[in-house]
Amino acid sequence: MSKEEMLDMEARFERYVAAENKVEPKDWMPEKYRKTLIRQISQHAHSEVVGMLPEANWITRAPSLRRKVALLAKVQDEAGHGLYLYSAAETMGADRQDLIEDLLSGKAKYSSIFNYPTPTWADIGAIGWLVDGAAIANQVMLCRTSYGPYARAMVRICKEESFHQRQGYEIMMALAAGTPAQKKMAQDALNRWWWPSLMMFGPTDENSPNSALSMKWRIKRKSNDELRQEFIDKTVPQAEFIGLTVPDPDLKWNEERGHYDFGEIDWQEFYDVIAGNGKCNKQRLHARNVAHDNGRWVREAANAYAEKQAKRRKEESSAA
Amino acid sequence: MEAKEKYVLRLADNALILGQRLGEWCGHGPILEQDIALTNVALDLIGQSRMLYQYAAELKNDGSTEDDIAMKRDVFDFYNVLMVEQENGDWGKTIVRQFFYDTYNYFLYEALCTSTDQRLGEIARKSFKEIAYHAQFSAEWVIRFGDGTSESHERVQAAVDDLWEFTGEMFTPDEIDLAMTEAGIAPDLNQIAAQWKRKVTQILDIATLKMPESSFMQKGGKVGEHSEYLGFILAELQFMQRAYPGMQW
Ligand SMILES: [Fe+2]
Ligand SMILES: [Fe+2]
Ligand SMILES: [Fe+2]
């Protein structure tokens, strides 16, 4: 393709997505669109999988059998989300094994939020409420993203995420309505998860150079700051309703804007955790690597057996 | 304690302790699909344990809840078989433990579906489909490993040899089992043993694995004489209820 033809194709592609058409795997797409989406979808997949760890940490210690069942089911859902998303990335020509290798080597990123620890049971409530809550704000938007398979995976995932969010909020509600020890546990978790949850939306718009292109291609539809504001506006009343205090002295309803004003986010912490200096970065990556290494013989055996079976079937049919 | 209550607790404790063990794998499985599959088994088992503890609480009739029963007994008051408290080990050992237990559970619950005890019959009928799936899942993996690579064959044979001594307890009736059989509440364990042996022999054969010859069998779990593992399992299981007694979650 000549350069002019290419530019022409790109212009047509832009008009196509601007008219709210979905891009499907076989359609022509700019190479940068493909790369951007593979990176975004695989990061999302990795986040689902790494995100299992801080919560799975509490499966054996859940305070009641009912909560244990709910938590197992939740973590299992997250594994399922990882699967759909790896499949969505594969529709763009990526290979799941390569993507996983990139995660294990530390080359690929995943959501930094999962590098924070879950020392208490209330963290399971806070993660469901805030982390799944923040994920939903982002993912509801992605249900309308321009790449068809990603949008469809998101529709399915969003339903489950909002269930997780309610379940997490319900854990917090039970704690906040409980004994002083339980309420303290809930407040402590909110104190630790509030700011990292706000950071989940990414840098401020002026520090987010790739966003414009994503918006143009209808991958994203709202800016980081817009999504963050939406999340805050939705979540603050939820905290108030159960009698917990959002740990931000500058938080104030702004009548004129029709939004909450909020304090300065510690972006240094955000970049530190991304750089690998969160409390659990090493632990998380180590856990994934150990699981992968210990699982190698299992995967090899499954492949070897499948090959033997295929060969046997072939022999049988040729003998028949 | 009434014999029936103790019998229900045995069933419940087996399901809970094995579910708890499987819960340890969640997030650490060898491949995402199998992580999901094993978590599913854990979910089923803990769900079953809840139905059984609720029934045990009714039999106890002193205001105890399912959580009181699961979370407030010490090691000597747990009646699960030793098999289910054994360490996960590698994925192969977990699968073999599952295979031995699931196969037993399959025949046991199949028979419990027609228990003269109405509640137990109901619970068994609700659980049987899940248990049948577990038994199929673990048997398929035993075959895959036995007939997979030489490494998988060796690993899974080692697990079979290792766990063999815990199989006997499942089939050795004591006075409670006998009383249950007598009352038509539970099947005759000799019959379950014969069905189990036939199935296990068949699967190990397909998997090109050897049936261990050793005949020494451990016992004690059913009467509260446990290995060192159970205390640690309970330490995690019961941590919250012990650290924050009497609270609602
Ligand atoms: Fe998810
Ligand atoms: Fe997500
Ligand atoms: Fe979720």
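Just so it is clear, the values below take in all heavy atoms, side chains as well, and ignore hydrogens, waters and symmetry mates. In this text, all values refer to a predicted model and were calculated from it rather than measured experimentally. Proteins get letters first, then strands, A, B, ... in listed order; numbering begins at 1 in each.
With respect to the salt-bridge test (charged N to carboxylate O, under 4.0 angstrom), the residues B:Glu66 and A:Lys68 do not qualify.
Residue A:Arg156 qualifies as open at atom CZ: its count of foreign heavy atoms under 6.0 Å is 12 or below. By the 6.0 Å contact criterion, CD on A:Glu315 is enclosed, its count of non-hydrogen atoms from other residues, nucleotides or ligands being greater than 12. Counting heavy-atom neighbours within 6.0 Å of B:Phe128 CZ, excluding the residue itself, gives a total above 12.
For the set A:Ala291, A:Ala177, A:Ala174, A:Ala306, the entry with the most heavy-atom pairs within less than 4.5 Å of chain B is A:Ala291. Ranking A:Gly295, A:Pro63, A:Ala304 against chain B, the residue ahead of the rest is A:Pro63, based on heavy-atom pairs under 4.5 Å. Considering only heavy-atom pairs separated by less than 4.5 Å from chain B, the leading option among A:Lys308, A:Arg296, A:Glu300 is A:Lys308. Comparing A:Ala73, A:Gly178, A:Gly125 by heavy-atom pairs within less than 4.5 Å of chain B, the highest count is held by A:Ala73. Top candidate by heavy-atom pairs under 4.5 Å with chain B, chosen from A:Met52, A:Arg299, A:Gln182, is A:Gln182. Chosen from B:Phe145, B:Trp91, B:Phe239, the residue pairing most often with chain A at heavy-atom distances under 4.5 Å is B:Phe145. Ranked by heavy-atom pairs under 4.5 Å with chain A, the first of B:Thr149, B:Asp90, B:Asp147 is B:Asp147. For the set B:Ile31, B:Ile95, B:Ile233, B:Thr65, the entry with the most heavy-atom pairs within less than 4.5 Å of chain A is B:Ile31. Most heavy-atom pairs under 4.5 Å with chain A, from the set B:Ile46, B:Leu43, B:Leu16: that is B:Leu43.
B:Arg155 touches chain A through its side chain: at least one heavy atom from C-beta onward sits under 4.5 Å away, while N, CA, C and O do not. In this structure, chain B has heavy atoms under 4.5 Å from both the backbone and the side chain of A:Leu83. When heavy atoms are compared at a cutoff of 4.5 Å, A:Arg67 approaches chain B solely by way of its side chain, counted from C-beta outward. In this structure, chain A has a heavy atom under 4.5 Å from the backbone of B:Gln248, while its side chain stays farther away. Of the two parts of A:Ala62, only the backbone, made up of N, CA, C and O, holds a non-hydrogen atom closer than 4.5 Å to a non-hydrogen atom of chain B. Only the side chain of A:Thr179 comes within less than 4.5 Å of a heavy atom of chain B; its backbone N, CA, C and O stay farther away. Both the backbone and the side chain of A:Leu72 have a heavy atom closer than 4.5 Å to some heavy atom of chain B. A:Val50 does not touch chain B: none of its heavy atoms, backbone or side chain, sits under 4.5 Å away. Looking at B:Ala42, both its backbone and its side chain come within 4.5 Å of chain A, counting heavy atoms on both sides.
Between A:Ser64 and B:Asp67, the shortest heavy-atom distance links the atoms CB-OD2, 3.1 Å. The shortest non-hydrogen separation linking A:Ala181 to B:Met247 is CB-CE, 4.5 Å.
In terms of modelled atom types and a separation under 3.5 Å, the side chain of A:Arg288 and the main chain of B:Gly27 share a donor-acceptor contact. Listed for the B:Arg50 side chain is no donor-acceptor partner under 3.5 Å among the backbone atoms of A:Leu65. Looking at A:Gln76, its side chain does come within 3.5 Å of a backbone N or O of B:Ile36 through a donor-acceptor pair. No donor-acceptor pair closer than 3.5 Å links the side chain of B:Arg144 to the backbone N or O of A:Ala301.
Of the residues A:Ile59, A:Leu53, A:Asn57, A:Thr60, the one that meets the side-chain contact (heavy atoms from CB on, under 4.5 Å) test with B:Cys26 is A:Ile59.
Annotation: the span from A:Tyr305 atom OH to B:Trp141 atom CH2 amounts to 11.0 Å, rounded to 0.5 Å. Taking CH2 of B:Trp249 as the reference point, atom CH2 of A:Trp121 lies at 9.0 Å (rounded to 0.5 Å). To the nearest 0.5 Å, atoms CH2 (A:Trp58) and CD (B:Glu236) are separated by 10.0 Å.
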Residues A:Arg96, B:Leu32; criterion side-chain contact (heavy atoms from CB on, under 4.5 Å); working and verdict: CA-CA 11 Å; A:Arg96 179 172 153 192; B:Leu32 219 38; 3.6 Å; yes
